[in-house]
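Take a look at the structure set out below.
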Amino acid sequence: MNLLVPLAFLCLATVAPWRVCSQQQRLLVNMTLVPNARASGALCLDGSLPAYHLHRGFGAGVDNWLLQFEGGGWCNDLTSCFERAKTRRGSTNFMNKLEVFSGILTNNATLNPDFYNWNRVKLRYCDGASFTGDAVFTNKTTTLHFKGQKIWEAIIHDLLPQGLGKARKALLSGCSAGGLATFHHCDDFAKYLPTNATVKCLSDAGFFLDERDISMNHTMRFFVKSLVQLQGIEQNLNRNCTKSLYFPDLCFFPQYALSYISTPYFILNSAYDVYQFHNILVPSSADKQGLWNHCKMNPAACTSDQINTLQGFRLDMLGALRPFYLSSRRGGMFINSCFAHCQSELTETWFGDDSPRIKNKTIAEAVGDWYFSRNICKEIDCAYPCDATCHNLIPLRSGQLDD
Ligand SMILES: *[C@@H]1O[C@H](CO)[C@@H](O)[C@H](O)[C@H]1NC(C)=O
Ligand SMILES: *[C@@H]1O[C@H](CO)[C@@H](O)[C@H](O)[C@H]1NC(C)=O
Ligand SMILES: *[C@@H]1O[C@H](CO)[C@@H](O)[C@H](O)[C@H]1NC(C)=O
Ligand SMILES: *[C@@H]1O[C@H](CO)[C@@H](O)[C@H](O)[C@H]1NC(C)=O
Ligand SMILES: *[C@@H]1O[C@H](CO)[C@@H](O)[C@H](O)[C@H]1NC(C)=O
Ligand SMILES: *[C@@H]1O[C@H](CO)[C@@H](O)[C@H](O)[C@H]1NC(C)=O
Ligand SMILES: *[C@@H]1O[C@H](CO)[C@@H](O)[C@H](O)[C@H]1NC(C)=O
């Protein structure tokens, strides 16, 4: 099964013709392949070379580095990984070579006041396991490379001599499956950088919960266990976490790994994350009659029982985050109540006039205040439907965990 993560926020003229999507020039950044990756077997699912997109910093940001993991679901069995290997999710051969840099990646100071002049890198996702696997499958006709961990290492080693190794400030970010990747590489990232550098990590929509679905089935837990097994992930999870749990593979879930991470973290997530709502809480396998179809497309169409279920999900997420909220002095949070998935990658949700806000603060301001220690920022929104700033969002289509 492939868990798919479609783009949640599209500023589509057809959806919102009254909104002006982007007047300014879009920044397109060219792809760089990593030829040295082949030596360490750090290949995409189909055996193609991994890649990133780098836009150079300038001025005061010339020694600062922002790395962003691309997201896009996971594949947890041979069939779905085999299918994925033939798409842009599993092969750089099928990826767009020019990538739009928007939101936290844009170089426009008006739209991205704190990071616009940093070196900004997008790490392309082609392993299907949030950059954590290390295994190979071979039979007579097919080879599948489960090499996410090695891809991460190969890209880092490619970037270190280009200036990353002398970074003064650095931020490791990512959304969705890419947000999950930050949890597994944050401390590792810090170790590669100078000891006097400021290193922090940001997960956007990556706080996937170990939550039962509405039929009380552990759909997500089963999915993760098979993913960890197939792609040889367990050896790459945080040792202190795997030592502490009876089921070490559960350390793939951020809620178990988080307390073992020492690098400062910012957790950005909607408490009603649309992707988790559609695939973890109410997967189609748990709603065969389609009673949730209207509610999935439009929260205003949910019954009061369905809203209660969603409020329960929110409380479980806040519960899972509570130890972090209470104990992490250097941590930041922005847990809002928009039906969203990924809010740092598009200008419309990152730092626009009508972007989501908590206490009148946009996500860009919250993350910037936290990164530069201008202000403590641990914001938890009031429960749906009280937030009036949830614009620029369209519901995900009912997807699958594997996109
Ligand atoms: C930066 O964004 C602002 C606000 O959208 C826009 O007015 C300006 O033209 C943009 N600058 C560039 C160089 O694209
Ligand atoms: C992107 O990079 C490739 C390989 O270096 C080059 O052939 C191509 O012209 C570049 N495209 C643009 C638009 O810069
Ligand atoms: C090899 O594995 C792939 C993926 O599971 C499968 O589709 C194919 O039939 C297998 N080939 C052989 C010869 O077993
Ligand atoms: C870290 O130390 C190096 C070597 O002493 C120095 O060149 C660099 O400016 C320092 N970086 C920061 C952020 O202080
Ligand atoms: C529970 O979820 C697993 C994994 O998706 C699935 O194989 C199983 O059939 C489900 N069981 C029920 C009772 O829905
Ligand atoms: C595990 O915890 C010990 C003691 O706190 C620490 O020194 C070590 O770096 C940790 N290991 C990992 C992989 O985080
Ligand atoms: C919210 O912030 C904007 C600037 O981002 C400001 O213009 C506005 O007055 C603020 N509103 C309130 C109620 O403080």
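Computed from heavy atoms alone, side chains included, the values below leave out hydrogens, waters and symmetry copies. Numbering of ligands and ligand atoms starts at 1, following listing order.
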Any atoms of ligand 4 less than 4.0 Å from a non-hydrogen atom of N196? List them with their elements.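 Checking each atom against N196, I get 1 (C), 2 (O), 3 (C), 8 (C), 10 (C), 11 (N), 12 (C), 13 (C), 14 (O).
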Check against salt bridge (charged side-chain N to carboxylate O under 4.0 Å, His left out), E211 and R221: CA-CA 8 Å; E211 179 88 352; R221 187 183 285 187; over 6 Å; no
Show which atoms of ligand 6 fall inside a sub-4.0 Å distance from at least one heavy-atom site of N240. 1 (C), 2 (O), 3 (C), 8 (C), 10 (C), 11 (N), 12 (C), 14 (O)
Nearest protein heavy atom with distance in Å, relative to atom 9 (O) of ligand 4: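 Checked against all protein heavy atoms, atom 9 (O) of ligand 4 sits closest to R168 NH1, 2.8 Å.
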Could you check whether R84 pairs with D46 (Lys NZ or Arg NE/NH1/NH2 to Asp/Glu carboxylate O, under 4.0 Å)?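 Here R84 does not pair with D46 in a salt bridge, since their nearest N and O are not under 4.0 Å apart.
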Ion pair present between E70 and K122, side-chain N to carboxylate O less than 4.0 angstrom? no
Sub-4.0 Å protein heavy atom next to [atom]:
atom: atom 14 (O) of ligand 6; value: yes
atom: atom 4 (C) of ligand 6; value: no
atom: atom 11 (N) of ligand 6; value: yes

Measure from NZ or CZ of K200 to the centre of the six-membered ring of W370 and say whether it is under 6.0 Å with the direction within 45° of the ring axis. yes
Identity of the nearest option to atom 2 (O) of ligand 1, non-hydrogen atoms only, from N108, N112, D353: N108
Among Q68, H53, H55, find the residue that satisfies the side-chain hydrogen bond (donor to acceptor under 3.5 Å, both in side chains) test when tested with R120.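 Going through the options one by one, the only one that passes is H55.
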Result of checking N269, D273, D204 against H341 for side-chain hydrogen bond (donor to acceptor under 3.5 Å, both in side chains): D273
Select one of side chain, backbone, both or neither to describe which atoms of D187 lie under 4.0 Å from any atom of ligand 6, heavy atoms only. neither
